[in-house]
Enquirer: 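Handing you this structure, nothing more for now.
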Amino acid sequence: MAFLVQHGKSRAVGARKPRHGTRAAARSPTKLELRHRQLAVRLLAACLLAPVLCICSARLFSVVLPSQLSPGNGVYPLAEGSSDDTEGAGTSRILEKGFVDDRHRLQEPSVRVPARLGADPVRGSPELDIGVESSDSKHITDLDNKSGMKGLTISSTNASSPPENSVMSSRQSAVTDIEVPKPKSKIYCDDKSKDEGFPYARPIICQMSGDVRVSPESASVALITPMQQGEEGWRVTPYARKDESLLPLVREVVIRAVASENDAPKCSISHDVPAVIFSVGGYTGNFFHDMSDVLIPLYLTSFQHKGRVKFFITDYKQWWVQKYKPVLRRLSHHDIIDFDSNKDVHCFQHVSVGLTRDRDLILRPHSTRNPKGYSTLDFTRFLRHSYGLKRDRPLVLGEQPGKKPIMLIISRRGTRKLLNLRQVAATSRALGFDVIVSEARGNLKRFATMVNSCDVLLAVHGAGLTNQVFLPPQAVVLQIVPWGKMDWMATNFYGQPARGMNLRYLEYYVSEQESSLAQRYPRDHLVFKDPMAIHGQGWNALADIFMAQDVKLNIRRFRPTLLQVLDLLQV
């Protein structure tokens, strides 16, 4: 550099202008000067290129080294059940691996990612630009309908353009195949028979995880699991009550474990949410059984999914589905599939066949059946919200001058009729109640709204008392219990549930003289001397005798019970 400085000084002296103002004659540069100039230009270019080369080298090593250290053919698999942050990290690794310069682009196969439980294949990662492609190369989504659709495959081929700020917006580089680990294949069937202190056997409920194929046409569910290929299948009646007389009323579903995909039906629709298969056959159509055998078990089984669950209904009844549509829609945000007529093969990663059941109209915490700890009160809140019932407390006597508490008396057309209904209603009005007499029929939404507007529900033992689920908390339920040692049934079917719903509960037990059985049997008959002997003869004897009676209340005997109701409304 000193040489250059000296040389520059000599040039400055030699090129000095004459004092007379005339331009000095131009002098041609020597060979030595030309060499010096070329050297200076090369040094300047090297200084400018050095940072660029360093950046490119660092970029190259950041791509090559992780790919050599990562397992599984140089790909970081997305862990099943990972959090959003973990998935984002996995995506960034894939993008780094797929980054190439403008001169050299990788020409590799497209990304194929099987759908995962809890992930929506339609809403792919914006960085990966994942689309949904069928086997015939048409872009389709799971429309939750009954049409025959081909198996869905997630692919980056022919996908729409990524966002402008995406790393791949100016490049169409592909990424090597990604194998997302599938959940471990397993099947568990709970066939525990009887509950402690409860005489009814529980139905079998089976839960499967892994590659599960639901084929309604063959009424079967197949789980691909080589580890259990030698096990026999299960035949499940997906109705939440176990009763021998139910067999012809509920369609069976066959569950089997198969060794490979070749032994299972081919998927026509893949879903990214779990599925629940259940029946609305059996004793449905009776409001008590609709609640105890279907709606409460369905709530217990599926509410945890917060609407992201698919329902398959066997023994399908359109009128039943329409009647309880507000409840079903709140439990599942997807269209319901008629299991009896659908022809597709649906693929899931988790399927439940049958419904988890507790006691009739009762929910209690349980480590396996109710790990979320849902209560009967939780269910009634859910139900009132489903039907838009806003009243959450009854009238308090004296709170609003001139306002009377409303009593709803449920009338019956068949057995267990209240023979002197008009007299009971008149007595209740005389004591200060505003009385409504109605049968629990017609539009359920309209009837539920009427029940919610009442402060007292009075009914003879039967399904009409199930409407207590619509009452506001702290309202009063008065059950008239027929003759025949019906106290256990009265308390367990309606009394305990009422208390679990935060309702105030009273019972009135009919005497021999108030029962129509007094006209059918002599006083020395087992019906009066030993009612439990009738119970011991089975349900048919119980239904033919005690469940078939009518009642005519002794008003003088019944009046103190009505006064108790008024006392409960004063607090």
Enquirer: Between D211 and R213, does at least one N-O distance fall below 4.0 Å, as a salt bridge requires?
Expert: yes
Enquirer: Of all the heavy-atom pairs spanning V435 and I409, show the shortest one and how long it is.
Expert: CG1-CD1, 3.8 Å
Enquirer: Using atom types as modelled and distance alone, determine if a side-chain donor or acceptor of R384 lies under 3.5 Å from a backbone N or O of F379.
Expert: no
Enquirer: Any donor-acceptor pair under 3.5 Å linking the side-chain atoms of N342 with those of E217?
Expert: no
Enquirer: Return the orientation label for the H461 and Y494 ring planes: parallel under 30°, perpendicular over 60°, tilted otherwise.
Expert: perpendicular
Enquirer: Mind listing the closest non-hydrogen atom pair of L471 and V451 along with its distance?
Expert: CD2-O, 3.5 Å
Enquirer: Could you state the interatomic distance from CG (L506) to CG (D567), rounded to the nearest 0.5 Å?
Expert: 9.5 Å
Enquirer: Side chains of D315 and S279: is there a donor and an acceptor less than 3.5 Å apart?
Expert: yes
Enquirer: In Å, rounded to the nearest 0.5 Å, how long is the span from CZ of R235 to CD1 of I204?
Expert: 12.0 Å
Enquirer: Between the side chains of Y239 and D293, does any donor sit under 3.5 Å from an acceptor?
Expert: yes
Enquirer: Are any non-hydrogen side-chain atoms of K552 and S516 less than 4.5 angstrom apart?
Expert: no
Enquirer: Do F348 and F312 have ring centres separated by under 6.0 Å?
Expert: yes
Enquirer: Could you check whether any side-chain heavy atom of S352 comes within less than 4.5 Å of a side-chain heavy atom of I277, counting everything from C-beta outward?
Expert: no
Enquirer: Give the C-alpha distance, both sets of side-chain angles, the deciding distance and a yes or no for side-chain contact (heavy atoms from CB on, under 4.5 Å) between L408 and V456.
Expert: CA-CA 6 Å; L408 172 62; V456 181; over 6 Å; no
Enquirer: Which distance, rounded to the nearest 0.5 Å, do you find between the CE of M208 and the SG of C189?
Expert: 7.0 Å
Enquirer: Give a yes or no answer on whether the side chain of R391 reaches the backbone of P394 with a donor-acceptor pair at less than 3.5 Å.
Expert: no
Enquirer: To the nearest 0.5 Å, how far apart are NE2 in H535 and CZ in F546?
Expert: 5.0 Å
Enquirer: State, with a plain yes or no, whether a side-chain heavy atom of L553 is found less than 4.5 Å away from one of V510.
Expert: yes
Enquirer: I'd like to know whether D358 forms a salt bridge (Lys or Arg N to Asp or Glu O under 4.0 Å) with R364, so could you lay out the CA-CA distance, the side-chain angles of the two residues, the decisive distance to 0.1 Å, and finally the verdict.
Expert: CA-CA 7 Å; D358 202 339; R364 303 165 302 169; 2.9 Å; yes
Enquirer: Measure from the side-chain N and O atoms of W483 to the backbone N and O of V527, and report whether any donor-acceptor pair falls under 3.5 Å.
Expert: yes
Enquirer: Are the charged groups of R308 and D272 less than 4.0 angstrom apart, N to O?
Expert: yes
Enquirer: Determine, stepwise, if the pair K317 / D340 fulfils salt bridge (Lys or Arg N to Asp or Glu O under 4.0 Å).
Expert: CA-CA 10 Å; K317 302 172 184 175; D340 302 328; over 6 Å; no
Enquirer: Tell me, with the steps shown, if M486 and Y509 meet side-chain contact (heavy atoms from CB on, under 4.5 Å).
Expert: CA-CA 9 Å; M486 304 280 287; Y509 285 86; 5.9 Å; no
Enquirer: Rounded to the nearest 0.5 Å, what separation is found between the OG1 atom of T376 and the CG atom of L363?
Expert: 4.5 Å
Enquirer: State whether the side chain of T466 and the backbone N or O of A463 hold a donor-acceptor pair below 3.5 Å, judged by distance alone.
Expert: yes
Enquirer: Of all heavy-atom pairs between E514 and R557, which one has the smallest distance, and what is that distance?
Expert: OE1-NH1, 2.6 Å
Enquirer: Check step by step if side-chain hydrogen bond (donor to acceptor under 3.5 Å, both in side chains) holds for T449 and N452.
Expert: CA-CA 5 Å; T449 302; N452 184 249; over 6 Å; no
Enquirer: Check for a donor-acceptor pair, side chain of N492 on one end and backbone N or O of W488 on the other, with a separation under 3.5 Å.
Expert: yes
Enquirer: Are a donor atom and an acceptor atom from the side chains of S375 and D378 found within less than 3.5 Å of each other?
Expert: yes
Enquirer: Any heavy-atom pair between the side chains of V250 and P238 that's under 4.5 Å?
Expert: yes
Enquirer: Would you mind checking if K529 and D524 are paired as a salt bridge, meaning a charged N to carboxylate O distance below 4.0 Å?
Expert: no
Enquirer: Measure the acute angle between the ring planes of Y374 and Y299, then classify it against the limits of 30° and 60° as parallel, tilted or perpendicular.
Expert: tilted
Enquirer: Any sub-3.5 Å donor-acceptor pair from Q207's side-chain atoms to V351's backbone N or O?
Expert: no
Enquirer: What are the two closest heavy atoms between L503 and P472, and how far apart are they?
Expert: CD2-O, 3.3 Å
Enquirer: Can you check whether Y324 reaches L444 side chain to side chain, under 4.5 Å on heavy atoms?
Expert: yes
Enquirer: Is the CZ atom of R559 crowded by more than 12 outside heavy atoms at less than 6.0 Å?
Expert: no
Enquirer: Any side-chain heavy atom of V321 sitting closer than 4.5 Å to one from V280?
Expert: no
Enquirer: Looking only at non-hydrogen atoms, find the nearest pair between R329 and H333 and report the distance.
Expert: O-CD2, 3.7 Å
Enquirer: Donor-acceptor pair, distance only, cut-off 3.5 Å: does the side chain of T415 make one with the backbone of M547?
Expert: yes
Enquirer: Looking only at the side chains, is there a donor atom on one of S209 and H350 sitting less than 3.5 Å from an acceptor on the other?
Expert: yes
Enquirer: Heavy-atom count check: over 12 atoms from other residues, nucleotides or ligands less than 6.0 Å from H525 NE2?
Expert: yes
Enquirer: In terms of side-chain geometry, is the basic nitrogen of K403 or D455 positioned less than 4.0 Å from the acidic oxygen of its partner?
Expert: no
Enquirer: I'd like to know if R523 and E512 make a salt bridge, using a cut-off of under 4.0 Å between side-chain N and carboxylate O.
Expert: yes
Enquirer: When you measure from the side chain of Q496 to the backbone of F493, do you find a donor-acceptor pair of N or O atoms at a distance under 3.5 Å?
Expert: no
Enquirer: In terms of the angle between their ring planes, are H346 and H271 parallel, tilted or perpendicular, with boundaries placed at 30° and 60°?
Expert: parallel
Enquirer: For the CG atom of D392 and the CD atom of Q474, what is their distance to the nearest 0.5 Å?
Expert: 11.0 Å
Enquirer: Establish, yes or no, whether a centroid distance under 6.0 Å links the rings of F278 and F311.
Expert: yes
Enquirer: Do C206 and V236 have side chains that get closer than 4.5 Å, going by heavy atoms?
Expert: yes
Enquirer: Under the criterion side-chain contact (heavy atoms from CB on, under 4.5 Å), I'd like the reasoning laid out for V276 against L355: C-alpha separation, chi angles, the key distance, then a yes or no.
Expert: CA-CA 8 Å; V276 176; L355 301 176; 3.7 Å; yes
Enquirer: Does any donor atom in the side chain of R416 or Q549 lie under 3.5 Å from an acceptor atom in the other side chain?
Expert: no
Enquirer: Check step by step if side-chain contact (heavy atoms from CB on, under 4.5 Å) holds for E439 and R413.
Expert: CA-CA 8 Å; E439 191 171 1; R413 294 183 181 181; 2.7 Å; yes
Enquirer: A quick test of your reading: do over 12 heavy atoms of other residues, nucleotides or ligands sit less than 6.0 Å from NZ of K404?
Expert: no
Enquirer: Are E252 and T237 close enough that a side-chain donor and a side-chain acceptor fall under 3.5 Å?
Expert: no
Enquirer: Any donor and acceptor pair, going by atom type alone, linking the side chain of D550 with main-chain N or O of K417 inside 3.5 Å?
Expert: yes
Enquirer: Tell me the closest heavy-atom pair linking V258 and R256, and the distance in Å.
Expert: CG1-NH1, 3.2 Å
Enquirer: How about S292 and R359: do any of their side-chain heavy atoms sit closer than 4.5 Å?
Expert: no
Enquirer: Under 3.5 Å, is there a donor on one side chain and an acceptor on the other for T491 and E507?
Expert: yes
